[in-house]
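Naming: A, B, ... by sequence-line order, numbering from 1 per chain.
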Amino acid sequence: MPRCSVVLLLLCLLPGCNFFSWAASVDDSNDYDLLVAEARAHMSAGSPEKAVDYFSRALAIRTNDIQALDGRVEARLLILTDGRSVYTAFPRLFATNGSASENLFTDLPPRLGLLLATSLAAAHDATVLDSLFSHTNTARTARLTADAAVANGLTALLLAADGNTNGIPGEAGDPILPGADFGIRLNTSGFAPAFVDTARGHAQAAILWLGRLAMAAPLSMATGTPLSAFRRSLVRFASNLSEVRP
Amino acid sequence: MTRLLHILCSVLIPFCTAVVALPSPLAARERPFSPGSARAQAMGMTWIACTAPEDAAFFNPAWLASEDERFTIIRLRTGANSDGLALLFGQTGDDIRMFGSDSGAGIPPRGFMDTMTGFDAVYETSGPLFLSYKGEGFGIGLYSSSRGGFNAHGTTLPTATLEHDFDIGAIAGLALPITLDEDTGLQLLLGGTIKYLVRIRHIASEVPLTEASRLVDPFAFSGDFRIGQAIGSDLGITWRTPYFSVGVVWYDWFGTTLSWNEYSGDFKTKDTKLEDTHITPMIGAGIAWTPPDLFGLPSWLFSNTQIAIDVRGFLEEEDSFFKMLHIGFESTFLHFATIRLGINAGYPTCGLAFLLFGGLNLEYTLATEERGRLPGQNPLTLHTISVTLML
């Protein structure tokens with residue numbers, strides 16, 4: 001009987017473990033469907049980083065495939081948010097009462113570097129995906145548009161915070177720090193202005209995405225919603241960026 | 001022996017001819033029809049050589065030739081993964097209805113969104129329609145079952161999708177026992193069924209999460225749905241002695257084809273041309289051992305012990321042998337509680353069953369199935385409860 005109890009206990013604790021997983025691997029597979037299935041499995045298991053790897057391998061086989069691109073955008077957004085909603089992961093992006101004395105980003109520079117790389121890639125994927133898929137389903141269009149807007153907006157803010165263009169925003173040597181009020185705080189002067197223009201370009205792209213979202217899903221952009229607040233903040237931020245001079 | 005060879009040839013030659021003549025079964029593959037069984041789930045999805053009498057017509061028609069009679073009036077079985085349980089019984093379903101009822105919300109509350117990001121509910125049921133009668137050499141059955149999934153995508157403006165199949169099946173089968181050796185009790189059982197199947201499919205297009213209430217609320221159902229009809233057949237052959245049995249079953253052996261029609265939400269036929277879909281023929285083989293006792297323990301303590309192995313899916317395109325492998329064990333404790341253990345394509349399974357008043361069977365199963373193509377790729381763990389009333 002004690003043996004039976006141990007077996008039962010193990011069965012209850014390990015229902016998702018597979019005794020034969022050693023016998024199967026997709027590491028050297030070039031099967032598109034198998035790679036997408038593996039990516040989806042990692043998404044379900046809460047490992048979006050691995051999902052991105054497998055979606056990327058699937059896209060190497062079928063370039064610009066909608067299914068894999070859509071999955072990769074979703075996975076990249078999940079990496080950005082740690083598996084939560086963007087509103088919980090980045091509350092200051094959607095707040096309307098941010099203080100000028102506070103930083104917009106509270107994460108440490110290495111984490112911000114990961115966010116920048118991921119949001120940049122997500123923004124690119126979303127743009128490619130938007131050019132490929134048919135916009136017959138309003139809800140799906142709205143989801144993609146909102147994700148694209150957040151990815152571009154986040155990229156704009158992080159790029160602005162990476163004045164030394166080493167890919168790691170928020171370092172002591174970076175000349176600009178975005179405030180929680182979406183204002184600009186200058187750390188140092190005498191920097192090359194190109195990154196400011198790039199950041200402003202992404203901010204304007206995000207504003208355009210949000211404008212499209214207002215057409216596709218008006219309720220989500222109604223006054224008082226977090227996304228409408230985000231749009232207003234980005235407009236202010238882009239305006240502030242245009243006034244920055246070295 | 002010559003007689004046995006004749007029987008085998010008469011069965012196997014048409015099998016092999018049909019395999020060669022079959023059209024490619026891999027296009028638009030459908031999930032097989034099945035009323036499902038908590039017992040099979042708990043025993044690692046083994047059933048070919050250890051079929052319960054009430055399931056014989058559905059799982060292995062050869063077992064219709066066995067002596068016992070069983071009249072099953074009803075089976076209510078509900079299984080769901082943890083997200084599915086939250087949707088069916090927990091707060092999540094209520095939250096979806098509550099937030100969905102406020103269509104002016106635009107974006108759901110962030111706490112709710114955190115819960116729903118990556119939400120992936122799967123649920124399956126048997127019943128409420130379940131009626132089967134197994135006589136000696138024949139059986140009939142009528143059942144309904146369903147399986148569905150509800151999931152949410154997106155972290156900014158999430159959307160929800162719902163896919164749901166509701167199946168109704170009627171099945172009738174005949175079987176023949178042939179005694180091969182009276183001294184050893186060796187018997188050959190041959191059986192076949194014919195079945196009429198209806199599948200009602202509702203695939204909701206992606207909707208905003210704020211409008212998901214109309215997907216999960218059965219009283220607010222709307223949208224197009226499809227109805228597919230098919231006729232199929234299974235063939236089974238089993239050798240058995242008092243302690244061993246070996247079976248081979250050929251499911252949907254002539255390639256069950258579903259012909260579809262589309263209907264609008266108000267039950268009017270649409271003119272959409274839909275392609276036929278197919279349930280792939282599948283061959284499975286199983287072996288079961290019924291030891292006289294369990295590790296020498298007295299039979300009043302442990303009885304009706306069975307150990308079974310199934311290998312199924314020979315005709316399907318499978319990536320791994322281990323995904324086809326199923327191992328199961330059951331033993332009844334004190335003639336009251338049945339303990340079941342198994343390995344389903346590599347995943348451990350377990351279950352407990354209680355037979356009350358001689359005809360009411362209560363079962364619980366914790367089982368994982370593989371949703372991916374390889375063992376361990378995409379596990380889906382279902383908690384299942386089942387109530388069966390038998391005479």
Side-chain angles (χ1 to χ4, degrees), chain A residues 4 7-8 10-12 14-26 31 33-34 37-38 40-46 70 74 77-78 80-81 83-89 91 136-140 142-147 149-151 213 217-222 224-227, chain B residues 103-118 120 151 153-161 205-211 319-323 325 331 333 339 341-343 345-350 352 366-368 370-383:
Chain A
C4 284
V7 171
L8 280 173
L10 282 174
L11 283 169
C12 291
L14 306 170
C17 295
N18 192 297
F19 296 133
F20 304 136
S21 54
W22 53 269
S25 169
V26 294
D31 183 333
D33 291 326
L34 191 59
E38 184 73 11
R40 288 275 168 210
H42 283 296
M43 288 262 278
S44 300
D70 192 15
E74 191 178 347
L77 263 294
L78 285 170
L80 290 174
T81 63
R84 295 170 295 170
S85 74
V86 292
Y87 314 105
T88 306
T136 50
N137 184 298
T138 314
R140 193 179 181 206
R143 171 168 65 83
L144 171 67
T145 308
D147 283 349
V150 167
L213 182 63
L219 283 175
S220 65
M221 288 296 292
T225 58
L227 288 172
Chain B
S103 59
I107 298 173
R110 69 178 56 176
F112 177 62
M113 275 188 64
D114 289 340
T115 309
M116 292 302 293
T117 300
D120 185 8
N151 49 50
H153 296 278
T155 54
T156 312
L157 206 58
T159 56
T161 56
S205 55
E206 224 168 314
V207 299
L209 190 56
T210 47
E211 294 173 21
D319 297 290
S320 167
F321 166 79
F322 293 110
K323 204 182 157 198
L325 182 63
S331 191
F333 179 64
I339 298 160
L341 303 169
I343 296 173
Y347 295 109
T349 61
C350 62
L352 207 53
L366 176 64
T368 302
E370 181 57 68
R371 279 198 293 183
R373 283 171 51 185
L374 299 173
Q377 191 178 42
N378 196 0
L380 170 69
T381 301
L382 295 173
H383 299 265

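Contact annotation for B:Ala345: only backbone heavy atoms (N, CA, C, O) come within less than 4.5 Å of a heavy atom of chain A. Looking at A:Asn137, only its side chain comes within 4.5 Å of chain B, counting heavy atoms on both sides. Heavy atoms closer than 4.5 Å to chain B are found nowhere in A:Ala222, neither backbone nor side chain. When heavy atoms are compared at a cutoff of 4.5 Å, A:Glu38 approaches chain B by way of both its backbone and its side chain. Neither the backbone nor the side chain of B:Leu380 has a heavy atom closer than 4.5 Å to any heavy atom of chain A. In this structure, the portions of A:Ala37 lying under 4.5 Å from any heavy atom of chain B include both its backbone and its side chain.
In plain terms, the two heavy atoms of B:Thr159 and A:Ala139 that are nearest each other are CG2-O, 3.4 Å. What you find for B:Ile107 and A:Ser220 is that their closest heavy atoms are CD1-O, 3.8 Å. Closest approach of A:Tyr87 and B:Arg110 over heavy atoms only: O-NH1, 3.1 Å.
Most heavy-atom pairs under 4.5 Å with chain A, from the set B:Pro375, B:Gly346, B:Gly118: that is B:Gly346. Highest contact tally toward chain A, considering only B:Thr115, B:Asp120, B:Ile343, is held by B:Ile343 [criterion: heavy-atom pairs under 4.5 Å]. Ranked by heavy-atom pairs under 4.5 Å with chain A, the first of B:Gly154, B:Gly111, B:Ala160 is B:Gly154.
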Step by step, would you call B:Thr156 with A:Thr81 a side-chain contact (heavy atoms from CB on, under 4.5 Å)?
CA-CA 10 Å; B:Thr156 312; A:Thr81 63; over 6 Å; no
Under the side-chain contact (heavy atoms from CB on, under 4.5 Å) criterion, do B:Thr155 and A:Leu80 qualify, and how do the steps go?
CA-CA 10 Å; B:Thr155 54; A:Leu80 290 174; over 6 Å; no
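In this view, B:Asp114 and A:Arg84, A:Ser85, A:Thr88 satisfy the side-chain contact (heavy atoms from CB on, under 4.5 Å) rule, not counting sequence neighbours. For A:Asp70, the salt bridge (charged side-chain N to carboxylate O under 4.0 Å, His left out) test picks out A:Arg140, A:Arg143, with sequence neighbours left out.
Within the model, atoms CZ of B:Arg373 and CG of A:Asp31 stand 4.0 Å from one another, a figure rounded to the nearest 0.5 Å. The structure places CZ of B:Phe321 at 8.0 Å from CZ of A:Phe20, a figure rounded to the nearest 0.5 Å. A:Leu78 CG to B:Thr117 OG1: the interatomic distance, rounded to the nearest 0.5 Å, is 7.0 Å.
Side-chain atoms of A:Asn18 do not come within 3.5 Å of backbone N or O of B:Gln377 as any donor-acceptor pair.
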